[in-house]
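Computed from a predicted structure; not experimentally measured.
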Amino acid sequence: MKLKTLAVVVAVLAVLSAATWYARRPAPEAPGDPRIGQTLLPADVLQKAAKLVVTTPDGAVNLTKGTGDQWNVASYYDFPADMAKLIRLVDTLQEAKLERVVTTSPSYLARLGFGDTRLTMSDSAGKTIWDLQLGKLADKGGTFIQFNGEAKAFLGNFTAYLDANAGNWANHQLVDLKTESIAAVELNFPEENGRTVRVTRAKAADPFTADGFTPKQELINNLINLHTAISYSETEDLDSAGAKAAQPRARTVKLTTFDGRNVTLTYSQKLAPKVETPPDQGEFVPPPQPVYLAVVDSNATAPVNTLMKKRSFRVQESLFTNLPAKIDDLVDRPPPPPPSLNATPAPSAPTTGPASFRMPGN
C-alpha cells in the first residue's frame, strides 16, 4: 500500500473514532451549587414559617401556625394538627441533604417527573419563603427535587410520602387524662329510672368506694383506662341525621380529677332496627349503628369545647356497648363459701329394676 493511501485510511479512522466517542460521550456534569451538602429545610426558614401547603395530584392540605408551637389544619375545620405527624415530616426534611445537581437541561428535567407534588412554606405576610417540588424516586435511592421553580434539578437523599387527606392531618385525640388523676367516676343508668352511681377515692393509691356497696375495683379501673384516652374515628356535620337519631339513646360517664376538673362524656347510639327473617335463613345480625360522643370539659379553655361546636364525632362502638348495663354489675360480692366437709351427703336415688339376674333353670 502506498504511503499516501495509508495516511488517508488512518485519517478516516481517526475521524470515525472521534465521531464514535462524541456520540457515546458521557453526559456533561451539571455545574456545582453552594447548596450541595446542605439540608433541604434550613432552620431559619422553619422559624419564619406561618403556613405550610402540602400538594399532591390528589389535592392540597393547608396548615397554619397558631399560638405557641401549635399548628392547625385550615383545610379541615381549623382542627388542631397532629403534631407528631407534622414533626416527622419536618425532621425528614431537615435531616435530608442535597447530594448533587442532576441537570439543568430542560429536556432532561422533563423526564424527572416534576408535576403537582410539592411543599410550600409562607411567612405571616403570605410571602413564599420556601418551595420544594418533588419528582420521581431515583433508581439508586433518593428523590429528584427542584427549589422555587428553578430550571435545575437536585438529588436529595430522602423519600417522603405526602398525605393529601386533610382529615388525616388533624389530631384525633378528644380526651387525654392521666388515669392516676381521676378521683371520681359517675355513671348514669337510664333503664333504672335514670339513677346515677358515683364511686370515689381519696388518693390515687386508694380503692374506690360507693354509698351502700363496695364497687368492683377492676371494673372501675378498666372504665378509667378506656374513657381517659379517646380518639375519634370520623366526624360529621353537627346536625347530621345519624347524630340526631342517636341522641335519644344515651349514656353519660363523668370523670372528676383530684384538682376538681370535670369531663363529661355523653355516648349515644341508635338502636339497630329489628329485621325479621324466615326461619330457614337463620338469625340476621344487623350491622352496628355508629356511636357518637359529645364532650364537655369544665376547663373553659380546653380545645375540646371548641371542637364540639364544629362537628359531631364518632368513636369506637365498644366505648358505649361495654358500659355496665345495671347498677348491680358494679357491686363486688364475695364468692359463695365452699361446701362443708362435714355435711351429710344427700341420699342417693333408689335404683329400679331387678336386684339380681339368674340364668333360667337355676
Side-chain angles (χ1 to χ4, degrees), residues 174-177 179 182-201 207-257 260-276 283-299 302 304-305 307-333:
L174 292 176
V175 179
D176 187 15
L177 298 171
T179 56
I182 303 303
V185 180
E186 185 176 303
L187 301 170
N188 77 326
F189 294 86
E191 296 184 2
E192 297 193 31
N193 298 320
R195 294 171 61 193
T196 62
V197 171
R198 180 179 172 88
V199 299
T200 62
R201 60 183 176 183
F208 283 93
T209 61
D211 290 339
F213 69 92
T214 300
K216 294 178 180 177
Q217 302 300 312
E218 184 177 0
L219 188 151
I220 300 301
N221 288 329
N222 286 339
L223 283 173
I224 291 174
N225 289 334
L226 283 173
H227 300 279
T228 50
I230 304 173
S231 298
Y232 69 85
S233 56
E234 297 180 39
T235 72
E236 297 178 3
D237 292 338
L238 276 175
D239 58 351
S240 73
K244 286 183 175 180
Q247 287 175 358
R249 184 169 176 254
R251 297 286 304 276
T252 299
V253 179
K254 184 177 179 180
L255 305 172
T256 302
T257 63
R261 177 183 175 190
N262 292 312
V263 179
T264 304
L265 317 172
T266 301
Y267 298 96
S268 58
Q269 182 187 42
K270 179 183 177 182
L271 191 65
K274 186 177 181 181
V275 179
E276 299 291 343
E283 182 181 2
F284 174 77
V285 179
Q289 296 291 316
V291 171
Y292 297 85
L293 171 63
V295 182
V296 177
D297 195 321
S298 64
N299 178 1
V304 70
N305 291 329
L307 293 179
M308 290 297 132
K309 299 175 183 178
K310 295 181 177 182
R311 302 285 285 170
S312 294
F313 294 86
R314 289 170 54 172
V315 295
Q316 64 185 42
E317 184 191 16
S318 60
L319 290 169
F320 179 84
T321 57
N322 288 343
L323 289 173
K326 305 183 297 296
I327 295 177
D328 193 59
D329 294 336
L330 299 176
V331 180
D332 190 12
R333 293 185 174 85

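Atoms CZ and CG, from Phe189 and Leu330 in turn, are 4.5 Å apart once rounded to the nearest 0.5 Å. Taking CG from Leu293 and OG1 from Thr266, the interatomic distance works out to 7.5 Å, rounded to the nearest 0.5 Å. Atom CG of Asn299 is separated from atom CG of Asn305 by 7.5 Å, given to the nearest 0.5 angstrom. Note: Glu218 CD to Asn225 CG = 10.5 Å, rounded to the nearest 0.5 Å. The CG atom of Leu265 sits 12.0 Å away from the CD atom of Glu186 when rounded to the nearest 0.5 Å. The CG atom of Leu223 sits 13.0 Å away from the OG1 atom of Thr179 when rounded to the nearest 0.5 Å.
Exactly one residue among Arg314, Arg311, Lys310 makes a salt bridge (charged side-chain N to carboxylate O under 4.0 Å, His left out) with Glu236. That residue is Arg314.
Across every non-hydrogen atom of Ser312 and Asp237, the tightest pair is OG-O, 3.1 Å. Between Ala246 and Tyr292, the shortest heavy-atom distance links the atoms CB-CD1, 3.7 Å. Across all non-hydrogen atoms, the minimal contact from Ala250 to Gln247 is CB-O, 3.7 Å. Minimum interatomic distance between Ile327 and Arg195 (heavy atoms only, all atoms of both residues): CD1-CZ, 3.5 Å. In plain terms, the two heavy atoms of Pro288 and Glu317 that are nearest each other are CB-OE2, 3.2 Å. Taking every heavy atom of both residues into account, Ala272 and Pro287 meet most closely at CB-O, 4.5 Å.
Side-chain contact between Val199 and Thr209 is absent, with no heavy-atom pair separated by less than 4.5 Å. You'll find the side chain of Tyr232 stays beyond 4.5 Å of the side chain of Leu307, heavy atoms only.
For Asp239, the CG atom sits in a packed shell: over 12 heavy atoms of surrounding residues, nucleotides or ligands are nearer than 6.0 Å. In the displayed structure, Lys216 atom NZ is contacted under 6.0 Å by more than 12 heavy atoms of other residues, nucleotides or ligands.
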Check: Which is it for Ile182 and Thr257 under the side-chain contact (heavy atoms from CB on, under 4.5 Å) test, yes or no, and what are the steps along the way?
Finding: CA-CA 4 Å; Ile182 303 303; Thr257 63; 4.2 Å; yes
Notebook entry, point to check: Between Arg333 and Asp328, does a salt bridge (Lys or Arg N to Asp or Glu O under 4.0 Å) hold up when you go through it step by step?
Noted result: CA-CA 10 Å; Arg333 293 185 174 85; Asp328 193 59; 2.5 Å; yes
Margin query: Between Ile230 and Val315, is the side-chain contact (heavy atoms from CB on, under 4.5 Å) condition met? List the steps.
Written below: CA-CA 8 Å; Ile230 304 173; Val315 295; 4.0 Å; yes
Next item on the list: Begin from the C-alpha positions of Arg251 and Asn188 and carry the test side-chain contact (heavy atoms from CB on, under 4.5 Å) through to its verdict.
Entry: CA-CA 6 Å; Arg251 297 286 304 276; Asn188 77 326; 3.6 Å; yes
Next item on the list: Any chance you could lay out the side-chain contact (heavy atoms from CB on, under 4.5 Å) test for Val304 and Val175, step after step, and finish with the verdict?
Entry: CA-CA 8 Å; Val304 70; Val175 179; 5.7 Å; no
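Judged by distance alone, with hydrogens and angles left aside, the side-chain atoms of Gln217 form a donor-acceptor pair with the main-chain N or O of Pro215 at under 3.5 Å. No side-chain donor-acceptor contact under 3.5 Å links Thr196 to the backbone of Leu187. Counting only distance, with no hydrogens or angles, the side chain of Gln289 and the backbone of Gln269 share no donor-acceptor pair below 3.5 Å.
The salt bridge (Lys or Arg N to Asp or Glu O under 4.0 Å) check on Arg249 picks up nothing, with sequence neighbours excluded. Under the ring pair (Phe, Tyr, Trp, His ring centres under 6.0 Å) criterion, Tyr267 pairs with His227, sequence neighbours left out.
Ion pairing between a basic and an acidic side chain is recognised when a charged N comes within 4.0 Å of a carboxylate O; Asp297 and Arg261 show such pairing.
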